Every structure is written in C-alpha cells, then in structure tokens.
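First the structure, in the form of structure tokens, and then the observations on it.
Nothing here was measured: the structure is a model prediction, and the numbers come from that model. Proteins get letters first, then strands, A, B, ... in listed order; numbering begins at 1 in each.
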2 protein chains.
Amino acid sequence: MTAKRTPFDELDRKIVAMLIENARASFAEIGTVVGLSATAVKRRVDRLRKDGVITGFRASVRPAALGWRTEAYIEVYCDSAAPPRRLAEVARKYPEIAAAMTVTGAADALLHVRATDVGHFEEVLERIRNEPFVRKTISYMVLSHLLPESPEAGASESAPGAYADGLPGDAAIML
Amino acid sequence: MTAKRTPFDELDRKIVAMLIENARASFAEIGTVVGLSATAVKRRVDRLRKDGVITGFRASVRPAALGWRTEAYIEVYCDSAAPPRRLAEVARKYPEIAAAMTVTGAADALLHVRATDVGHFEEVLERIRNEPFVRKTISYMVLSHLLPESPEAGASESAPGAYADGLPGDAAIML
DNA sequence: TTTGAAAGCACGGTGTC
DNA sequence: GACACCGTGCTTTCAAA
C-alpha cells in the first residue's frame, strides 16, 4: 500500500496531533496510540521535521507569569516611497515584536507587540514611530483574551481545541 | 539556602529558556548547562508546570504545511446591548478562531482566524456575521509574514528572538 | 534486538526559618 | 522541628544503531 509515497497520511496526522498536545510524548507512547512501533514513529517524526511540517518542540509559557502583562496590535502606515518590507528589519531588531505581517486594508502592516507594562509599550511604540519610513500608527491594546490564551499570545498553549484531533486555536493545524 | 521560597530565580529562568528552545531537551542536558542535577531540574520543571508558568510542551507546526494557507484578523463590532463576552462562546465553537480578545478602539473585539483557503474563510466569516449580536465586521487578510512565522501564527515557533535568553517573538518570555 | 541513556522514585544530606 | 532544596543510587523505560 501507499506505493506512491504518501506525503502526509492518516498516521502522520495522528502523530502530529499527539505531538502538538504533548511534545514530550515518547515514541513508544505515540506508537501504542497510532498502532506503530516506536522505531516507525521516530522515522516518521524525523521525516516530518525534515520536510518542515514540524518546525520544533517548545515549552509553552504563560507570558503574564513572566512579567509580560501588556499586549497590543499596531497598524503601521508607511511612506509611499518605502516598502513595508523594510519593517522586517525593524521587527527583527525589537524582541517585543512577536509578529509582523503585511495586510489588506488601509494600513501597510500589522504588528503584534508584547511589553512588560504600559510604560514599556510606550517606549517601544516611540521607537517604531521614529523609524524614518513610518508615517503613522494606530494602536489597539488587548484588554482581555476570550480564548484560553493560546499560542496566539506568542507562547504556544494548551486549550483543547476541537478540529478533529488537531486544533488551529492551538497550533494552527489542519489535520 | 533559599529558605524564603523564591518564586522565580535565575535557575528557573535558564531552564525555561532552554525548554522554549527545545521542549525535548533531557533533564540531564539542562542540568549540565544550568549547573544542577537531572533530578533537581525535573523537580523545578514540575513546579513550574504546577505554578502555571509552563503551560505545556508542544510541537510547532507550519500551518501552510498542513493546508491552512489563509489567515486574517477580524474586527468585530457588537450590538450595544450584547456584551462582547458572548463572543467567547462563539470563539470556542469555531476551531478556525485561533485567538479572540477584547481591545481598545472602535471595535469591540479582535479575532485571529485561520482557514484553508479564501472560500473557507468566507464561510467562517459568514457564520460569525450571522451571530445575533454581531453588528459589523472588518476583515484584514494577512498577505505575508515579516517574521519567521512564529507562535503568533497560532503555533509556537522558532524565531531566534533576542531578549536576553528568552524571546517574546518566540514564546513571549520576559526572562 | 541489543546496548547505552534517560526518566522516575525513594532515600539521605544540608541550610534556613 | 519543619520546610525547601539539592544530590546519589537504583529500577524501569526509552532511544539509537
């Protein structure tokens, strides 16, 4: 069966789903659930990593528990002359920027920013606004999360989503 | 020493930083780096989990590799009579909603949505707009990411941030 | 399948309150 | 004495060839 080299089959789906829920699950444990030997599971995991499906294994941390208590989204409007791509350099420079992307709509880009408090956020915002190609910004402070503060927050998180076995809310999985 | 029960010391900081980079690191490996025995490391990790600092260990997955190729943010405007809190129920119902939060500004809430394609997204948007208390929505499609598609995406992710050892871009850590 | 490594657990030791 | 923390030795389980 599967002589045609299936890129991503049902077994892979289950394995990925399990690793999203618990990245420290042993190969043997995964194997008993999906009906494979530990060795076979390892081979598949290695392949999934090599193919870029699984990009890493990381601990999920509650930002607030570590002092990151302020969160905001910033719409960035750039000079018509400067490409929003230049924001990538800025985003890499500031660790407070958890995500940066170009978007449709009036703004050129959207930044997801984390800071320890409002004072810290103001300082970060000031630095961004001082970038030469930034014309204007609009900030939206996050007041409270309506979902189990998942990965979106920046950390990957628990939250037993509900898309088959995998969960977009958790790890953006289709499965 | 440390009789006063330190909530989060330098050792914890290092351990968390290592686990964010690699959730599958062995306790012994962590121990040699931070200068502790494997047993001591395990005890601290157990404590960090119990205290809710570490919320889990998860595999990071590239959403596009699994078919989630469309991403958007949706501003939601609610009826003045209905509290945006009711969005929490909606958010839990739809696995496509990766994050939902109340925000400052004109909108009542901001949703982070993932879908397989534009057609899928349209369908999700339609369901959200049909919720009785939703008055209006404005969608911002994500065109491209300017950072290594980190956790923000929904999955927790790599992206070698640069805040001391921990990285907000990665796991929103203060450390 | 086999061999070395890691996890898990009970014990004993030490310093502070 | 009552924690809270660490380390060692042992057994079971797992990973890697």
Side-chain angles (χ1 to χ4, degrees), chain A residues 2 5-6 8-62 64-67 155-158 165-166 171, chain B residues 1-61 155-156 158 164-166 171 173-175:
Chain A
T2 71
R5 178 62 163 78
T6 317
F8 196 80
D9 62 10
E10 180 70 9
L11 256 27
D12 289 329
R13 193 191 64 73
K14 285 184 184 172
I15 291 170
V16 170
M18 283 195 72
L19 284 174
I20 286 171
E21 286 225 0
N22 177 21
R24 286 180 81 90
S26 71
F27 295 138
E29 182 186 346
I30 297 171
T32 60
V33 173
V34 307
L36 241 49
S37 74
T39 307
V41 172
K42 183 201 185 316
R43 271 195 287 260
R44 281 177 179 257
V45 171
D46 286 344
R47 176 170 55 78
L48 288 167
R49 292 202 59 164
K50 186 175 65 61
D51 293 349
V53 175
I54 294 175
T55 56
F57 301 99
R58 8 202 64 87
S60 307
V61 175
R62 197 159 47 83
L66 293 172
S156 96
E157 200 30 62
S158 56
D165 323 32
Chain B
M1 239 176 295
T2 72
K4 189 59 187 73
R5 183 62 164 79
T6 317
F8 195 79
D9 62 10
E10 180 69 6
L11 256 28
D12 290 328
R13 193 190 64 73
K14 285 184 185 169
I15 291 170
V16 170
M18 284 195 70
L19 284 173
I20 286 171
E21 285 225 1
N22 177 19
R24 285 177 83 90
S26 73
F27 295 136
E29 182 186 345
I30 297 171
T32 59
V33 173
V34 306
L36 240 48
S37 74
T39 309
V41 172
K42 184 206 185 309
R43 276 194 281 255
R44 290 179 94 108
V45 171
D46 287 344
R47 177 169 56 77
L48 288 166
R49 292 201 59 163
K50 187 175 65 62
D51 294 350
V53 175
I54 295 174
T55 56
F57 301 99
R58 9 201 63 86
S60 305
V61 176
S156 96
S158 56
D165 321 36
I173 296 314
M174 155 188 218
L175 297 185

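- Rounded to whole Å, atom P of dA6(C) lies 8 Å from atom CD of Glu29(B).
- Here the side chain of Arg58(A) pairs a donor or acceptor atom with the backbone of Glu21(B) at under 3.5 angstrom.
- One interatomic measurement links the two molecules: NZ of Lys42(B) to P of dT12(D), which rounds to 18 Å at whole-angstrom precision.
- Picking from dA15(D), dT8(D), dC5(D) the nucleotide with the shortest atom distance to the side chain of Ser37(B) gives dT8(D).
- Nearest to the side-chain atoms of Arg44(B) among the listed nucleotides dA15(D), dG9(D), dC6(D) stands dC6(D).
- Within 4.0 Å of Ser26(B), counting heavy atoms only, lie sugar-phosphate atoms of the nucleic acid but no base atom.
- Among the nucleotides dC6(D), dC9(C), dA16(D), the one closest to the side chain of Leu11(B) is dC6(D).
- Taking Arg44(A) as the reference, Asp9(A), Asp12(A) meet the salt bridge (charged side-chain N to carboxylate O under 4.0 Å, His left out) condition, with sequence neighbours excluded.
- The CG-P distance, from Asp51(B) to dA4(D), rounds to 12 Å in whole Å.
- You'll find the side chain of Val45(B) reaches within 4.5 Å of the side chain of Phe57(B), heavy atoms only.
- Within the 4.5 Å cutoff, side-chain heavy atoms of Val16(A) are placed close to those of Phe8(A).
- Comparing dA17(D), dA15(D), dA7(C) against the side chain of Arg24(A) picks out dA7(C) as the nearest.
- Recorded end-axis angle for the helix from dT1(C)-dA17(D) to dC17(C)-dG1(D) stands at 20°, based on five pairs per end and rounded to 10 degrees.
- For Phe27(A), whose side chain is taken as the heavy atoms from C-beta onward, the closest listed nucleotide among dG9(D), dA16(D), dA7(C) is dA16(D).
- The CD1 atom of Ile30(B) sits 14 Å away from the P atom of dC6(D) (whole-angstrom rounding).
- Considering only side-chain atoms of Leu36(B), the nucleotide from dG7(D), dA17(D), dA15(D) that sits closest is dG7(D).
- A donor-acceptor contact under 3.5 Å links the side chain of Arg43(B) to the base of dG7(D).
- Between the Asn22(B) side chain and the Arg24(B) main chain, a donor and an acceptor come within less than 3.5 Å of each other.
- With hydrogens and angles ignored, the 3.5 Å screen pairs no side-chain donor or acceptor of Thr55(A) with any backbone N or O of Gly52(A).
- Under the side-chain hydrogen bond (donor to acceptor under 3.5 Å, both in side chains) rule, Asp46(A) has a single partner from Arg49(A), Lys42(A), Arg43(A), which is Lys42(A).
- Distance Leu48(B) CG to dC5(D) C1': 14 Å, rounded to the nearest Å.
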